[in-house]
> 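Quick one: structure below, then a few questions.
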There are 2 protein chains.
Amino acid sequence: MRPTINDVSRLAGVSIKTVSRVLNNEDRVSDATRARVTAAFATLKYRPNMAARTLAGHRSFQIALACDNPSPYYVYEMQSGIRDRCLLDGVRMVAQPYDHDSDRLIDDIESLIDGSGVDGLILTPPATDYPEVLALMARRKVRFVRVSPGTDLDLTASVFIDNVGAAAAMVRHLLALGHRRIGFITGHASYATSAQRLAGYRAALDEAGIAFDPLLVRPGDYDFASGAAATEALLALRLPPTAIFASNDDMAAGALSVAHRRGLSVPAALSIAGFGDDAIARYVWPALTTIRQPTRLLGYTAADLLLAPEFVVKRIDVPFELIRRESTGPARSAG
Amino acid sequence: MRPTINDVSRLAGVSIKTVSRVLNNEDRVSDATRARVTAAFATLKYRPNMAARTLAGHRSFQIALACDNPSPYYVYEMQSGIRDRCLLDGVRMVAQPYDHDSDRLIDDIESLIDGSGVDGLILTPPATDYPEVLALMARRKVRFVRVSPGTDLDLTASVFIDNVGAAAAMVRHLLALGHRRIGFITGHASYATSAQRLAGYRAALDEAGIAFDPLLVRPGDYDFASGAAATEALLALRLPPTAIFASNDDMAAGALSVAHRRGLSVPAALSIAGFGDDAIARYVWPALTTIRQPTRLLGYTAADLLLAPEFVVKRIDVPFELIRRESTGPARSAG
DNA sequence: TTGTACGCGTTATCAT
DNA sequence: ATGATAACGCGTACAA
């Protein structure tokens, strides 16, 4: 049988309450007793029963990551960062993928709260901006942190990068390479980051005194296929762009595949820039210019906020990083 | 307050035991009572307290996926398949990444069993073949299913594809394209699949009467960088291969990046074949020939075995698929 | 077919 | 600083 607190208390010659105190790092325990109990833990290889702790203590030592799924890499990096942080506090992270246009979204999240009895929740877009979700969290009084929220930044604790600034930096980089016609592939309309990145694109063009051309902006939805389709459309223009900025790495990969199929030597003929966690870009094309969105750090920091003993509403702005790889200016029209 | 069984029993006018019976789909309940209880569930929006069920019933309605991490895509696909299957039974999947050369591996798994009190476990390579892990499972009497085990296939329930056959099919494909010098990048030595895939490669060469050349085999460890390094080495040979078969998609991506950096027009000058879940290949290079290892299906099937009420030792062989895309024979020496 | 009473392992209350 | 005892919500012999 697995040892219980009772077994430990008998071995250490104290009451179960004292054992519980040691287990929970409470104060009022003499050093001598604490030592005896700790020793008993070790000799019995005691491991607390989580179900019992949860039932009696109204806490589960679990937090959840509710994550939508445009890019497996994004999810992976986010999960890793959060899990690493949780490990430090002996908390388990449970991953809860969700589908942003599922009509069971609210139900899924509520059943997560009840089912796992999680102590807190980390939300990624676009659920971060759904009023029903925010209402649910308020109603259930669950601690939560939002990653890259698009609205009401001050409403709750949240973590984000400067999407506008990052996109502008990327466009400035392309401009510095000599590009004047820069295509832009947007993200999914449900994501606030899509609009933010587009705003950065426009801001940088304005700075440079380049007129905004709506034809150069094509809709995408953060996946490979939409990136490829948007690229086809851009390259079919009468005056095609010499560079394309895709709003995330997955779509940049799609753009590259099209460029390649068409025999365009990238990046000589076409600069393609991605905006993501750099993981996919690493696989796809060493010469790709990328804004590194530090997904893992975002995850880590979100967990940090959530696990803080004094859980207060805070905003954390995580710095982004512009990664320039070898790439050249426009060589010829990319049509 | 959240409603409890007590509240439900009061509303339905029955005892808590009867409510419990309905909750657990037990037999001896009259249809009328069952209906009343079900109605009470609905009006109260009752959700069972998992901690209490676990504590009293000695089951957690959770299974774990212990997964090592050569390729994020593999992990992602595996998780998705298992989660889909679990949903059907109202079971939660908890993901437990592990590091195959961590010395805390056994401890991690045991704390998973104790901590989450999981009802079952799905193991992926290489822990599937670690004697200490198998001993632990036996000692703790935990249900488990192995994915792609390399040894003792009959020891436990397990799910796999025919790695030898798949690798041979791939090589036959490359041979049919006219290739005679085919490079091979192995997987990590800890994984049994590495040896199996190499065996398939050799078998196909034997069939074709082509002598095995050890120089054409380079070690890799299932990640992008090692695939790139191995490719550099292969292309530096006095007689370089005209085709390269990488033991998974991540390494194939690495191979492609090197070919590209060298200005080789793939696949005109060099055929590169991958062996994986096809996800990375889709991103990297549409013309890549790939063995589709149906990872999601593997996961789904593994969960199927684990969740079956009558849990018996079974082996399930999942079919693989050879995906041929447009690709040409060797055009010139790829050096 | 249905109900009663106890136990699961821990935390919390209120003593001492 | 420490201990006795009552919750926590549900499953399960056992009884009816």
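Letters A, B, ... mirror the listed sequences (proteins, then strands); counts begin at 1. These numbers come from the heavy atoms of this one structure, side chains and all, not from hydrogens, waters or symmetry mates.
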> Starting at CG of B/Leu55 and ending at C1' of C/dC6, how long is that distance when rounded to a whole Å?
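Going from B/Leu55 (CG) to C/dC6 (C1'), I get 13 Å.
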
> Reading DNA chain D in the 5' to 3' direction, which nucleotide is the first one with an atom under 4.0 Å from a heavy atom of chain A, and which is the last?
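Counting from the 5' end, contacts occupy D/dA1 to D/dG9.
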
> Of the options C/dT2, C/dT13, C/dT10, whose atoms approach the side-chain atoms of B/Ser30 most closely?
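Of C/dT2, C/dT13, C/dT10, C/dT2 is nearest to the side chain of B/Ser30.
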
> Between C/dT2 atom C1' and B/Glu26 atom CD, what is the distance in whole Å?
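It is 12 Å, rounded to the nearest whole Å.
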
> Rounded off to whole Å, could you give me the CD1-to-C1' distance for the B/Ile16 and C/dC8 pair?
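The answer, rounded to whole Å, is 14 Å.
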
> Do B/Val159 and B/Ser148 have side chains that get closer than 4.5 Å, going by heavy atoms?
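Side-chain contact under 4.5 Å: no.
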
> Students often get this wrong, so: under 4.0 angstrom with heavy atoms, is B/Val14 touching a base, only sugar-phosphate, or nothing?
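It contacts sugar-phosphate atoms only.
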
> Would you mind classifying the nucleic acid contact of A/Thr33 as base, sugar-phosphate or nothing, using non-hydrogen atoms under 4.0 angstrom?
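Sugar-phosphate contact only.
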
> Just call it for B/Asn24: base, sugar-phosphate, or nothing, with non-hydrogen atoms closer than 4.0 Å on any strand.
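Since only primed, P, OP1 and OP2 atoms lie under 4.0 Å of B/Asn24, the category is sugar-phosphate.
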
> Round to a whole Å and report the spacing from CG of B/Asn49 to C1' of C/dG9.
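That distance rounds to 14 Å.
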
> Using whole Å, what does the distance between atom P of nucleotide C/dT1 and atom CG of B/Asp31 come to?
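Taking atom P of C/dT1 as the reference, CG of B/Asp31 is at 10 Å.
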
> Salt bridge between A/Glu26 and A/Arg34, side-chain N to carboxylate O under 4.0 Å?
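The answer is no: the pair does not qualify as a salt bridge.
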
> Once you round it to whole Å, what is the distance between P of C/dG7 and NE2 of B/His58?
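Atom-to-atom, B/His58 to C/dG7, this comes out as 13 Å.
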
> Whole-Å distance between C/dG3 C1' and B/Arg21 CZ?
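Spelled out: CZ on B/Arg21 to C1' on C/dG3 is 8 Å.
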
> With a cut-off of less than 4.0 Å, is there a side-chain N or O of A/Ser20 near OP1 or OP2 of C/dT10?
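No, no such contact exists.
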
> Using a 4.5 Å cut-off on heavy atoms from C-beta on, say whether the side chain of A/Val147 contacts that of A/Thr128.
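A side-chain contact is absent here, since even the closest heavy-atom pair is not under 4.5 Å.
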
> At under 4.0 Å, does any side-chain N or O of A/Thr4 touch on OP1 or OP2 of C/dG9?
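Looking at the OP1 and OP2 atoms of C/dG9, neither is under 4.0 Å from any side-chain N or O of A/Thr4.
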
> How many whole angstroms separate atom CZ of B/Arg53 from atom C1' of C/dG7?
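One finds 18 Å between C1' of C/dG7 and CZ of B/Arg53, rounded.
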
> Measure centre to centre between the rings of A/Tyr76 and B/Tyr73, then say whether the value is under 6.0 Å.
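No, too far apart.
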
> Can a salt bridge be assigned to the pair A/Arg296 and A/Asp84 using a cut-off of 4.0 Å between side-chain N and carboxylate O?
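Judged by the 4.0 Å cut-off on N to carboxylate O distance, A/Arg296 and A/Asp84 do form a salt bridge.
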
> Using a strict threshold of under 4.0 Å (side-chain N to carboxylate O), is an ion pair present between B/Arg10 and B/Asp7?
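Salt bridge between B/Asp7 and B/Arg10, a charged N being under 4.0 Å from a carboxylate O: yes.
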
> Compute whether any side-chain donor of one residue and acceptor of the other, for B/Tyr191 and B/Asp221, lie under 3.5 angstrom apart.
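Absent: no donor and acceptor within the cut-off.
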
> Report the residue (A/Ala56 or B/Arg34) whose heavy-atom-nearest nucleotide on DNA chain C is the more 5′ of the two.
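Whichever sits nearer the 5' end wins; that is B/Arg34.
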
